[in-house]
Asks: 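One structure coming up, written as structure tokens, with questions to follow.
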Amino acid sequence: MSMNDTIKTAEEHLLHTYNRYPIVFDHGNGVRLYDDNGKEYLDFCAGIAVYAIGYGNKRYEAALKSQIEKICHTSNYYYSKPLAEAAKALTEAAKLPKVFFTNSGAEAVEGAIKAARKYAYLKDKKTDHEIIAMQHSFHGRTFGALSVTGNDHYREPFEPMIGNVKFADFNDLDSVRALVNDRTCAIIMETVQGEGGIFPADKEFITGVRKLCDDNDILLILDEIQCGMGRCGSMYAFMQYGVQPDILTTAKAVGCGIPVGAFLLNEKTASSSLVPGDHGTTYGGNPLACAAVAEVFRIFEEDGIIDNVNKVAPYLKKRLEETVASHDCLIAERGLGLMRGIVFDTDKKKPADVVSAALSKGLVLITAGPDVIRFLPPLIISEADVDEMIDKLNASLAE
Ligand SMILES: *Cc1c(COP(=O)(O)O)cnc(C)c1O
């Protein structure tokens, strides 16, 4: 099938929920993608912060192949060795003792919300608990996750939401404090907001929220589905802030291409929330998914993936700052580690137009919010890759 035929067939049969770029990707290698015509692309999107270890990692592929030859699925009524290995690796990496595996980020958020409500319910047997979430946040498209997503356009057509959710302003501690009352069971936020436009939490803000939670026995849920897994320069971004969540959500890069998510709980929350019968999943934590997770953590360790983030991120930041300084249409650069964004003056140029121009020049980028292009490369990129990206970005901005 030619690229055009593939696109035509897909459009004929897929529910139209995405405006896709007219590209059919076939395979990848390292930080590069190849379309059906053999055209090469430098990838600064990584399937939206998924493919942290890059494409075509031989050990990752071998681990998956060998698991496929044994068994892909058994159900959660039984144990499997990959499940035990993945649970050990993820809990040790996140420094939180208990994990529940899901198939996606949104499901991880669903589980986190259920755990938080159950924790509060066990304390006072009431059923009117509230959650505080942040404006401009993104937590996923299922009802619970959507209910705590701070974007009216995403929520409104699907009202009513789960209810009892209030929105505070990210990085404004007073706005959070004003919403706390004796029914508040959880505060949920991304450590670095992703879809909303790449906003890292301020240290004072996240420390203040942690204290607010401690003082009122409210659970802090950190959503690190995008910013976690080494992307910001530590295994999870919260580790740089000197705070710990009660519940952590993770997904995207945890499986590096195999759909996996998880929520993790600290001892206090794990010992007083979900019990057998409260929550479940058919596929979550199956042997194939967990073989991927276990191998991803081995690769992170052996290949020094996070060391590479800390080596290359300052260079990416510097080159992006130079780019912002040399283009009228750009206002600012921000981010943490290899999760960065450049902010557009949208009267002068639209981020989406620059993304399209970049694609035609063989560079994969992605927008965030209305006025940002974000950079989420595989975590194995080099400074030479950054230079090549900047050249292509400059050319795309000049169009
Ligand atoms: C992508 C994302 C989600 C949703 O994950 P899905 O796997 O798409 O359901 C939730 N939270 C954050 C911060 C994300 O970036």
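First listed ligand is number 1; within each ligand, the first listed atom is number 1. One-based numbering along the sequence shown.
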Asks: Does any non-hydrogen side-chain atom of I306 lie less than 4.5 Å from one of M235?
Replies: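 They are in contact (side-chain heavy atoms under 4.5 Å apart), so the answer is yes.
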
Asks: Ligand 1 and F138, any nitrogen or oxygen pair closer than 3.5 angstrom?
Replies: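 Yes: some nitrogen or oxygen of F138 is under 3.5 Å from one in ligand 1.
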
Asks: For S356 and D353, does a side-chain donor sit closer than 3.5 Å to a side-chain acceptor?
Replies: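 There is no such pair (donor and acceptor under 3.5 Å, judged by atom type) between the side chains of S356 and D353.
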
Asks: Of all heavy-atom pairs between Q244 and K95, which one has the smallest distance, and what is that distance?
Replies: NE2-O, 3.5 Å

Asks: Does ligand 1 come near enough to E190 that some N or O of the ligand is less than 3.5 Å from an N or O of the residue?
Replies: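 Not met; the criterion fails.
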
Asks: Could you tell me the residue and atom name of the protein heavy atom closest to atom 15 (O) of ligand 1, and the distance to it rounded to 0.1 Å?
Replies: K252 NZ, 2.6 Å

Asks: Which residue is it: I247, L265, V148? I am looking for the one with a side chain to side chain contact (heavy atoms under 4.5 Å, CB included) to I221.
Replies: I247

Asks: Looking at atom 11 (N) of ligand 1, tell me if a protein heavy atom falls under 4.0 Å from it.
Replies: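 Yes.
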
Asks: If you have a sec, work out which protein heavy atom is nearest atom 5 (O) of ligand 1 and how many Å separate them, to one decimal?
Replies: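 In this structure, atom 5 (O) of ligand 1 has G105 CA, 3.3 Å as its nearest protein heavy atom.
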
Asks: Is the shortest side-chain heavy-atom distance between F375 and I342 below 4.5 Å?
Replies: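 Yes - at least one pair of side-chain heavy atoms lies under 4.5 Å apart.
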
Asks: What are the atoms of ligand 1, with element, lying closer than 4.0 Å to any heavy atom of D223?
Replies: 10 (C), 11 (N), 12 (C), 13 (C)

Asks: Could you walk me through whether N216 and N181 satisfy the side chain to side chain contact (heavy atoms under 4.5 Å, CB included) test, starting with their C-alpha distance in whole Å, then the side-chain angles of each, then the deciding distance to 0.1 Å, before giving a yes or no?
Replies: CA-CA 9 Å; N216 298 281; N181 61 38; over 6 Å; no

Asks: Any idea which atoms of ligand 1 are less than 4.0 Å away from a heavy-atom of A106?
Replies: 4 (C), 5 (O), 6 (P), 9 (O)

